[in-house]
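Remember, predicted model here, so these are calculated numbers, not experimental data. Both counts, for ligands and for their atoms, begin at 1 and track the order of listing.
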Amino acid sequence: MSTENLKHILVVEDEEHLRTGIKYNLEAEGYDVSAVGDAPAALKLVDETARPVDLIILDLMLPGMSGYTFCETIREQGHDMPVMILSARTLAEDRIRGFDVGADQYLQKPFDLDELLSRVRNLLARSRRFTPASLRQGEFDVYQFGKAHVNFTTFEVSVDGKPVRLTAMDMKLLRYFIEHEGKVLSRAALLTGVWDQPADLTTRTVDNFVMRLRKTFEPDPAEPRHFLSVRGAGYRFVAAGDAAETPDEAAPEA
Ligand code: CA
């Protein structure tokens, strides 16, 4: 069988039995798999344009160059394939550091094989990373805008690398904004879309929650760049609201 149309997965893992086991199971699912034991070998494979890598499964603790440095390096080189970190490290700081260097998912060792395969399918199904157009209910875990990093699976949120706490309702509202990125949402639409019992609430509730999101995410809550007020209409979320961070998308609105 030709490997031409198969998705190419790169496994970077120094523990040989694990590397072999993951490779074997991915191949059994019909993927084309390269497996290497260190980051320099992985960097070479990522640069091979004849056989592009569609997804990377990455151990953090590797001899020589760490998984963090590897991930940071490929992102700096402009590679945007999804990266799933596989690690025995359990601290939230480790996960956040992984997301900060550009990883998409973090799976803790020991892991469940079915979960690994399900996450692989999910990551490969996404055509592009973090693009609002590709966001649909339940299809993404991690979202970035400005200096914020949000994981909707673990509820871990960081701004400028520092962890922040959001309530479940804050997360629900944030998710709704992200799913409707760029669109003007009336307070009534937000109440209906986000709150389960909107009849008990007033539009003032929406204002209070939006104020909280601004305090959490906006560099200057008085001059919001992401959670914008639209006079007489409601609110509008804009992901690329920070001109300094995203020069390519900083064209001012007409
Ligand atoms: Ca290791």
Can you name the N, O or S atom of D14 that is closest to the Ca ion (ligand 1)? OD1
Looking only at atom types and distance, does a side-chain atom of H149 sit under 3.5 Å from a main-chain N or O of S158, one as donor and one as acceptor? no
Donor-acceptor contact below 3.5 Å, side chain R75 vs main chain G102: yes
Would you say D59 reaches the Ca ion (ligand 1) with an N/O/S atom under 3.0 Å? yes
Out of the candidates F145, F217, Y143, only one should pair with H226 under the ring-ring contact (aromatic ring centres under 6.0 Å, His included) rule; please name it. F145
At less than 3.0 Å, would any N/O/S atom of E13, backbone or side chain, sit next to the Ca ion (ligand 1)? no
N/O donor-acceptor pair under 3.5 Å between D160 side chain and K147 backbone: no
